[in-house]
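Notes for the one structure printed next.
Quick caveat, the model's predicted, so the values are computed rather than measured.
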Amino acid sequence: MSHLFEALDFCENPLYEQIISDIGKQQYSIVENFFSLEEVDLLRQSLVIRQEEDAFKKAAIGNRVNESIVKSIRGDHIFWIDETIANTSELLFFNKVNDLITYLNRTCFLGILHKEFHYAVYPKSTFYKRHIDTFQNDDRRKLSFVCYLNEEGWLPENGGELVLYLNENGQETEKIIYPFPGRIVIFESQIIEHEVRPVNAERLSITGWLKTR
Ligand code: OGA
Ligand code: MN
């Protein structure tokens, strides 16, 4: 094998390098058009099919928490996506995510071995109160990954902003992120508190976590 071939084996990906550099500096990264509008359309259709199958379960917190308490914290409906029975659109989603994970593991030694993803539907006037994505007795979630599946033209008055609470020199600041289609947000699960502000129009997304052993 030639030396040239070996040298070409590792090729830097500028997009992934941007994500790594953003997370290194600010503990989060936002990427526009990570998924094309065509890909978002396909994923939205898959979500709708799952919904029609009545496969959505009420999102639960922990195991057996009183439903009204749950509703006062989060109002989304979720459906876990099983990669082993994923349809074409979902495979396309996982291919992109797996590619990113491979890169992160190879260049940053992150040791991401597991992942979990669910669709989320926020009906009108639901929200998800300020929280952190790791559980008390389980800190395997390293990076949170959200991708928005709304139709083009999401308006500010639709609400549903993801708000990241950041600490800048001891001052709390809010990073407000609208759920525009194709956009992804990645952030450090163990550090960043965040919320989903009340929505005034149905809000669709895929949310997931990259996890260590
Ligand atoms: C979550 C979450 C953020 C979003 O599901 O834990 O914080 O923008 N989602 O949907
Ligand atoms: Mn969260």
Residues forming a ring-ring contact (aromatic ring centres under 6.0 Å, His included) with F34, sequence neighbours excluded: none
E193 atom CD, over 12 foreign heavy atoms within 6.0 Å: yes
Expected output: side-chain R203 to main-chain P179 donor-acceptor under 3.5 Å: no
E12 side chain to P14 backbone, donor-acceptor under 3.5 Å: no
same_hphob_cluster(I112, V31) at 4.5 Å side-chain heavy-atom cutoff: yes
Residues, nucleotides or ligands: over 12 heavy atoms within 6.0 Å of E157 CD: yes
I176-F180 co-clustered via ILVMFWY side chain contacts under 4.5 Å: yes
S29 versus D22, side-chain donor and acceptor atoms under 3.5 Å: yes
Can you give the donor-acceptor pairs under 3.5 Å from side chains of residues 159-167 to other protein atoms, not counting sequence neighbours?
| residue | atom | partner | partner atom | Å |
| --- | --- | --- | --- | --- |
| Y165 | OH | E195 | OE2 | 2.4 |
| N167 | OD1 | G170 | N | 2.9 |

Closest non-hydrogen atom pair, V40 against P181: CG1-CB, 4.0 Å
Results of side-chain contact (heavy atoms from CB on, under 4.5 Å) for E188 - residues two or more places apart only: I23, Q27, L143, I191
For Q171, side-chain contact (heavy atoms from CB on, under 4.5 Å) partners two or more places apart: none
Joint hydrophobic cluster, I101 plus I206, side-chain heavy atoms closer than 4.5 Å: yes
Non-neighbouring partners of D99 that pass side-chain contact (heavy atoms from CB on, under 4.5 Å), sequence neighbours left out: Y16
Shared hydrophobic cluster for Y119 and V97 (ILVMFWY, side-chain gaps under 4.5 Å): yes
Modelled atom types, side-chain donor and acceptor of S189 and T134, under 3.5 Å: no
side-chain contact (heavy atoms from CB on, under 4.5 Å) partners for N137, two or more places apart: F135
Cluster check Y178, V199: I/L/V/M/F/W/Y, side chain < 4.5 angstrom: no
Side chain to side chain donor-acceptor pair (under 3.5 Å) partners of Q190, counting only residues at least two apart: none
Those residues that, when tested against F35, pass ring-ring contact (aromatic ring centres under 6.0 Å, His included) (two or more places apart): F93
N150 side-chain N/O to L204 backbone N/O, donor-acceptor pair under 3.5 Å: yes
Ring pair (Phe, Tyr, Trp, His ring centres under 6.0 Å) between F145 and F117, worked out: CA-CA 9 Å; F145 181 111; F117 283 91; 5.6 Å; yes
Under 4.5 Å side-chain linkage, directly or through intermediates, the cluster mates of L155: none
Residues which pass side chain to side chain donor-acceptor pair (under 3.5 Å) with K211, listed by chain and number, not counting sequence neighbours: E116
Residues forming a ring-ring contact (aromatic ring centres under 6.0 Å, His included) with W209, sequence neighbours excluded: H118
Side-chain (Y103) to main-chain (N13) donor-acceptor, under 3.5 angstrom: yes
Contacts of type salt bridge (Lys or Arg N to Asp or Glu O under 4.0 Å), residue K175, not counting sequence neighbours: none
